[in-house]
Amino acid sequence: MPLTREGIAYRIAQDLPDGSYVNLGVGIPSLVLQFLPEGRDVLVHSENGILGVGPKAAAGQEDPDLVNANGDYVTLLPGASLFDHALSFAIIRGGHLTHAILGALQVSRRGDLSNWKVPGQRVPGVGGAMDLAVGAQRVWVAMTHVTERGEPKIVEACTYPLTAPRCVKRIYTDLAVIRVEGEDLVLEEVAPGVSPQEVQACTGAPLRLTADLREMPVPAEVRGVPLRTP
Amino acid sequence: MPLTREGIAYRIAQDLPDGSYVNLGVGIPSLVLQFLPEGRDVLVHSENGILGVGPKAAAGQEDPDLVNANGDYVTLLPGASLFDHALSFAIIRGGHLTHAILGALQVSRRGDLSNWKVPGQRVPGVGGAMDLAVGAQRVWVAMTHVTERGEPKIVEACTYPLTAPRCVKRIYTDLAVIRVEGEDLVLEEVAPGVSPQEVQACTGAPLRLTADLREMPVPAEVRGVPLRTP
Amino acid sequence: MDKCVPTCDEAVADIPNGATIMMGGFGPPGFPAQLVEALRRRRLRDLVIIQCGGGTEDYALGGLILDGAVRKLISSYPTHPGAWALRDRYLRGEIELEVLPQGTFVERIRAAGAGLGGFYTPTGVGTELAEGKEVRIINGRPYVFELPLSADFAFIKAHRADRWGNLTYRRTMRNFNPIMAMAAKVVIAEVDEIVAVGELSPEEIETPGIFVDRVVATERHPRLLRRT
Amino acid sequence: MDKCVPTCDEAVADIPNGATIMMGGFGPPGFPAQLVEALRRRRLRDLVIIQCGGGTEDYALGGLILDGAVRKLISSYPTHPGAWALRDRYLRGEIELEVLPQGTFVERIRAAGAGLGGFYTPTGVGTELAEGKEVRIINGRPYVFELPLSADFAFIKAHRADRWGNLTYRRTMRNFNPIMAMAAKVVIAEVDEIVAVGELSPEEIETPGIFVDRVVATERHPRLLRRT
């Protein structure tokens, strides 16, 4: 059955090694940190000048001078550092982040990413999306496999405005983990109880199967409800 | 009679208004600060990341982590700030210094400056000279009017390698203060007892005289020895 | 040398119609809200504002846009829900909007402050935000050419200052402030506290006074404690 | 995550012949002398060194040049009197020398660290240091095009560090160090003291640990107290 949003976040957390420096987008990516295995030092970067973002501030404990890029009042972990926007984006664009974990509207078979604007969106606004997509060492996408209307988000070619071409290295969804290899999508893992055929059926581009295909190692509490056949 | 080196520095100091931010080159420029009139806040910039350089450290009081661009162990004035080289040269190149007071090998009639390399110098080394010449709001030259061999340093066109074209705004020498105006050199002041004709005689480009010509207002103690007729 | 000005109103008194004004801040931290409120009281027209966001509700930049004082906004992420004043005017064609990737936005401002003529960034290549811009291949990789971005005035917000304009920040107040302080003809700093010259340690000063023209101390507006 | 290395010798043990190495420091402050002395003990060849100066006498970089380990020096002001090892080898044609205006030197390093493809600077236009370089007129003013400058290794010197590689500097130790820390594949920091994670305040950290790969604490060498 497909994973919950927490399940996707859990799965990603297992793949972040000790010493990672990660930027987490809004939505599912923002859930990753809580699932990090004990003892791993992973520092979260925020565009507005933080390395080492901690949990959200408790109600009444907000520091008016301390927010993250999402506008949430947050805390700092011990070992955190603060800097200006020029250095923050030098970190992003200069390839210093080990991972950017981003939401997506669409990902193409060659790793093109669309995540900043839907067609017809009337007021544009991009923020740090393009810098992150271009700059991080590994751009991983965390998203549901299909839209609310059941349309595939993994497609032959993006129809939504591009954030950056050929930047996504890996896609984590509620159904699968998929590696982008050149123009190929390699199916690495499927959710428990989901078949490769079911994943392919709701994917808009061909998936390559290999002998290494395995079931996603996630505990029962972050598994979701049985897949509705599309 | 011509001014001493201290006399040139004294004369320049009078022209630095309160709130000036100045970079002082080696030689005569480094003498300017001691002649500043009481009560003027003038902050000295050092390329290696200081605004607010104070006097040299007393013997035995040197801080091993605190030098100026000249390599001298210095002190900091109250209100000083410290920064890295990128910001230091953003200050220079970005036009934030009100004045750079530099030594010169040659200055041309249109304000071209040569001060980093003599022809035939076998090992090149430029430091911050070109950035200062290009970036400061006012580039003032402080130098003796002629070389030790009596050759004019103010010339029709520089024969030494250029530091930057058309950058010098004013020239302070032991004989005169000269303003660069387009392709014209305007003689503003002559040293006490020195005639405009004597200044012209040791200048390699024509000087324009105006009704505003005056004698340099310097006290007796920084005046030098009578001019040897060249 | 004393850069202190008694009130925000005096600090912004000479800004003309049509001025280009940068404003620091990312969310409430580091946003010079009292200066912007004083600017609103000037009832100016045709301003060009350079700010990362699009203003929040009817306060400060949101209010300035609501008042019709802004001809153009150069921004990165003006689409947060509170930015309804901008959204309404933009959809009615009453305000011009230029949107830049956030790294490009801040790097263009830095280029202006650092005296550079422009730079090449990999960000935006192959997207609609690079349309019409020069693309150059450098060492086999495509880059977009970007020009410096400067302003007539910069409003910045810092924590502590001295009368020479040396500034410190706390927590995430820095954001665009130290960069914008380099890139405008007149830089006005709104601060929480003014201390004596020499009280700030040379290492902790993040914006040296050379960049700052006016300093004004303000009380924190209670509204700044609200969630954006 | 623990980036601490017990000795300078271990910190430089994997540097190969022919490596490009940046070294911070302007005069003694911020110069990673003990790392450079450890590098000398490696007896490597064909190194390319990026340092603002030209080394002093027979110690550290001066000694490395004297030893014949350096194929090329990229520098800004290698002509101070103590740089006789460089002068001798250069005049005998035994070392290549590239000299850059100091602002261009540091900005090229920053461009590499910040992921930029290059930039235009007004510095050097019309001089022999711009010969052969592209000149472009931007808004009526000529600028020289400059490329990023990166390295395989950077040796930097800071005051305090934690095991995550967060660094602070005192007085004029910063100079090129925070910039070079961004621009090399492997960054090795020589520091006066290592403290616990969390002991450095988030505002005072000048080089975030993300840029730093190895940290080694050293005693100050008495020679560093000498005038250069």
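This one's a predicted model, so the numbers in the text were calculated from it and none came from an experiment. Only this structure's heavy atoms are used, side chains among them; waters, hydrogens and symmetry mates stay out. Lettering follows sequence order; numbering is per chain, from 1.
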Among C/L86, C/L97, C/V99, single out the residue with the greatest number of heavy-atom pairs under 4.5 Å to chain A.
-> C/V99

Side-chain heavy-atom pair A/L87, C/R174 within 4.5 angstrom cut-off | no

Select one option (side chain, backbone, both, neither) describing which atoms of A/L82 are under 4.5 Å from chain C's heavy atoms.
-> both

To the nearest 0.5 angstrom, please state how far the OG1 atom of C/T127 sits from the NZ atom of A/K117.
-> 10.0 Å

Can you tell which part of A/A69 gets under 4.5 Å to a heavy atom of chain C, answering side chain, backbone, both or neither?
-> both

Options C/L129, C/L100, C/V125, C/N177, ranked by heavy-atom pairs under 4.5 Å with chain A, top entry | C/L129

Please state whether the side chain, the backbone, both or neither of A/T163 comes within less than 4.5 Å of a heavy atom of chain C.
-> backbone

When the 4.5 angstrom heavy-atom criterion is applied to C/F176 and chain A, the contacting part is both

First locate atom CZ of C/R171, then atom CG of A/D65, and finally report the distance between them rounded to the nearest 0.5 Å.
-> 9.0 Å

Measure distances from A/L76 to the heavy atoms of chain C and classify the residue's part below 4.5 Å as side chain, backbone, both or neither.
-> side chain

Based on non-hydrogen pairs under 4.5 Å, which of C/E107, C/R110, C/R170, C/M173 is most in contact with chain A?
-> C/R170

Within a radius of less than 6.0 Å around CZ of A/R122, do more than 12 heavy atoms belonging to other residues, nucleotides or ligands occur?
-> no

Rounded distance (nearest 0.5 Å) linking atom OG of C/S76 with atom NE2 of A/H85 = 7.5 Å

Applying a strict 4.5 Å limit to non-hydrogen atoms, the region of C/R141 in contact with chain A is side chain

Looking at A/P161 and C/E128, what are the two nearest heavy atoms and their distance?
-> CB-OE1, 3.5 Å

Provide the closest heavy-atom pair for C/G103 versus A/R93 in the form atom of the first, atom of the second, distance.
-> O-NH1, 3.4 Å

Considering only heavy atoms, which portion of A/D112 lies under 4.5 Å from any heavy atom of chain C: side chain, backbone, both, or neither?
-> neither

Can C/Q102 and A/I92 be said to form a side chain to side chain contact (heavy atoms under 4.5 Å, CB included), step by step?
-> CA-CA 11 Å; C/Q102 207 164 118; A/I92 295 174; over 6 Å; no

Cut-off 4.5 Å, heavy atoms of chain A, and the answer for C/I109 is neither

Name the option with the most non-hydrogen atom pairs under 4.5 Å to chain A; the candidates are C/G126, C/P78, C/P122, C/G54.
-> C/P122

Between A/N48 and C/F26, is there a donor-acceptor pair closer than 3.5 Å when you use the side chain of the first and the backbone of the second?
-> no

Given the options C/T79, C/N175, C/T104, which has more heavy-atom pairs under 4.5 Å with chain A than any of the others?
-> C/N175

Quick one: what part of C/P178 sits under 4.5 Å from any heavy atom of chain A, side chain, backbone, both or neither?
-> side chain

C/T172 side chain to A/V67 backbone, donor-acceptor under 3.5 Å | yes

Is C/P28 close to A/Y73 at the side-chain level, that is, under 4.5 Å between some pair of heavy atoms?
-> yes

Test side chain to side chain contact (heavy atoms under 4.5 Å, CB included) on C/I179 and A/D84 and set out the steps.
-> CA-CA 8 Å; C/I179 312 303; A/D84 66 36; 3.6 Å; yes

